[in-house]
Amino acid sequence: MFELNGARVVITGTGGSLGGVLCDAFAAAGAKVVGCDRAEAEVPGICAEAHGFDLRDAESVAGAARAITANGAPDIVVNNAGLTRAEVLTQVEPSTFADEMDTNFTGAARLSMDLLPHMRKGAGNRAFVFIASVNGLAHFGNPVYSAAKAAVLAWMRALATEEGRHGIRANAVVPASIRTNAWDHRIAADPDVMSRVQPLYPLGRLITPQEVANAVLFLASPLASGITGTALNVDAGLMGGNLPFIDAITHSDTHSEQN
């Protein structure tokens with residue numbers, strides 16, 4: 001469906017569950033995947049190149065950009081890396097601000113700025129795709145992470161608006177909770193957590209890494225050549241409406257009735 005034959009695609013956070021699926025998806029579409037994570041050893045073997053650097057450190061990001069572009073300018077950059085630990089305001093420590101803002105926003109912004117001069121000289125399909133979050137649209141906890149993802153969306157719109165004249169597009173995929181191994185510790189601590197969480201989504205389930213990867217592939221590909229400055233929700237309907245509120249005011253379980 002998606003043909004990216006020979007495209008040079010930089011993907012960050014490739015050592016995580018979603019990152020690995022993104023690498024597989026882009027490689028299957030014929031792209032040359034440049035995998036990035038904190039350590040080269042965390043980059044999947046399917047990647048054509050591996051680069052280890054810390055998004056929280058400006059010099060580390062700049063060095064990685066030099067190493068990446070030494071082998072050619074990227075055609076596509078997928079900013080996927082992300083991390084959150086402080087789930088509510090009372091868990092936010094002074095170090096949380098720097099770690100979560102730099103990992104989730106500042107590092108991605110720095111990397112895009114370091115790669116842009118090289119991408120501007122290219123031709124054909126060139127695009128940034130940012131992995132944002134519904135947390136950047138409404139509050140679902142993780143306050144610093146949420147602020148960082150809101151900043152990612154603003155940065156994406158800036159790139160789309162100012163870099164379109166160079167033929168460069170920028171968009172974001174906005175997932176809700178993704179069923180990855182990040183949920184394993186929650187399920188281990190509370191085996192019933194999924195039975196409470198899943199009914200919050202109109203589709204009655206969490207989304208999968210492959211569903212997110214499909215959306216990223218689309219926005220990165222020439223099939224989306226006229227799309228820039230857009231945030232595409234992949235959220236099982238979460239942001240479409242408030243199903244628990246409807247259930248509460250109607251004193252019914254709408255989701256159960258539909259099944």
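In this chain, numbering begins with 1 at the start of the sequence shown. Note that the coordinates shown come from a computational prediction; the quantities given were computed from them, not determined experimentally.
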When Val77, Val33, Ile68, Thr69 are each screened for side chain to side chain contact (heavy atoms under 4.5 Å, CB included) with Arg8, the one that passes is Ile68
**Prompt:** Are side-chain N/O atoms of Asn142 and Thr84 paired as donor and acceptor at under 3.5 Å?
**Reply:** yes
Smallest heavy-atom separation, Ala172 atom then Ala132 atom, equals CB-CB, 4.4 Å
(message) With salt bridge (Lys or Arg N to Asp or Glu O under 4.0 Å) as the criterion, how do Asp190 and Arg196 come out once you've worked through the C-alpha distance, each side chain's angles and the decisive distance to 0.1 Å?
(response) CA-CA 11 Å; Asp190 181 0; Arg196 296 194 304 274; 2.4 Å; yes
CZ (Phe97) with more than 12 external heavy atoms under 6.0 Å | no
Minimal heavy-atom distance between Ala31 and Val9, with the atoms involved, is CB-CG2, 3.6 Å
Partner of Leu219 under side chain to side chain contact (heavy atoms under 4.5 Å, CB included), picked from Ile227, Val78, Ile76, Thr228, is Ile227
Hey, any chance Phe130 and Val34 share a hydrophobic cluster, counting ILVMFWY side chains that come within less than 4.5 Å of each other, even indirectly?
yes
Practice item. Please step through side-chain contact (heavy atoms from CB on, under 4.5 Å) for the pair Met113 and Trp155, ending with a clear verdict. Key: CA-CA 11 Å; Met113 290 298 289; Trp155 187 257; 3.6 Å; yes
query: What do the steps show when you test Arg179 against Asp184 for salt bridge (Lys or Arg N to Asp or Glu O under 4.0 Å), and what is the final call?
result: CA-CA 9 Å; Arg179 182 60 181 97; Asp184 292 347; 3.5 Å; yes
Heavy atoms of Thr230 and Asn171 approach each other most closely as N-OD1, 2.9 Å
Do Glu163 and Arg120 sit within salt-bridge range, that is, some charged N less than 4.0 Å from a carboxylate O?
yes
CD1 of Ile11 to SG of Cys36, rounded to nearest 0.5 Å, is 8.5 Å
What one should report as the nearest heavy-atom pair of Ser146 and Gly141 is OG-O, 2.9 Å
Distance col, row Ile178:CD1 vs Glu211:CD, nearest 0.5 angstrom, shows 10.0 Å
Assess the side chains of Tyr145 and Thr103: does a donor N or O sit below 3.5 Å from an acceptor N or O? no
**Asked** Between Val144 and Asn104, does a side-chain contact (heavy atoms from CB on, under 4.5 Å) hold up when you go through it step by step?
**Response** CA-CA 9 Å; Val144 181; Asn104 296 296; over 6 Å; no
dist Glu49:CD -> His51:NE2 (nearest 0.5 Å) comes out at 4.0 Å
Ala176 and Val134 have their tightest heavy-atom pair at CA-CG2, 3.8 Å
dist His166:NE2 -> Leu116:CG (nearest 0.5 Å) comes out at 8.0 Å
- [ ] State yes or no: do Leu83 and Val43 share one hydrophobic cluster built from I, L, V, M, F, W and Y residues joined by side-chain heavy-atom distances below 4.5 Å, directly or via other members?
- [x] no
The reported gap from CD in Glu100 to CZ in Arg85 (rounded to nearest 0.5 angstrom) is 8.0 Å
### Message
Please determine whether a side-chain nitrogen of the Lys or Arg among Arg186 and Glu87 lies less than 4.0 Å from a carboxylate oxygen of the Asp or Glu.
### Response
yes
Determine, using the 4.5 Å side-chain heavy-atom cutoff (strictly less than), whether Leu217 and Leu18 are members of one ILVMFWY cluster. yes
Here the gap from Met194 atom CE to Ser177 atom OG, rounded to the nearest 0.5 Å, amounts to 8.0 Å
Heavy atoms of Ala27 and Ile46 approach each other most closely as CB-CD1, 3.6 Å
Q) Do Val152 and Leu238 sit in the same hydrophobic cluster, where Ile, Leu, Val, Met, Phe, Trp and Tyr count as joined when their side-chain heavy atoms come under 4.5 Å apart? A) yes
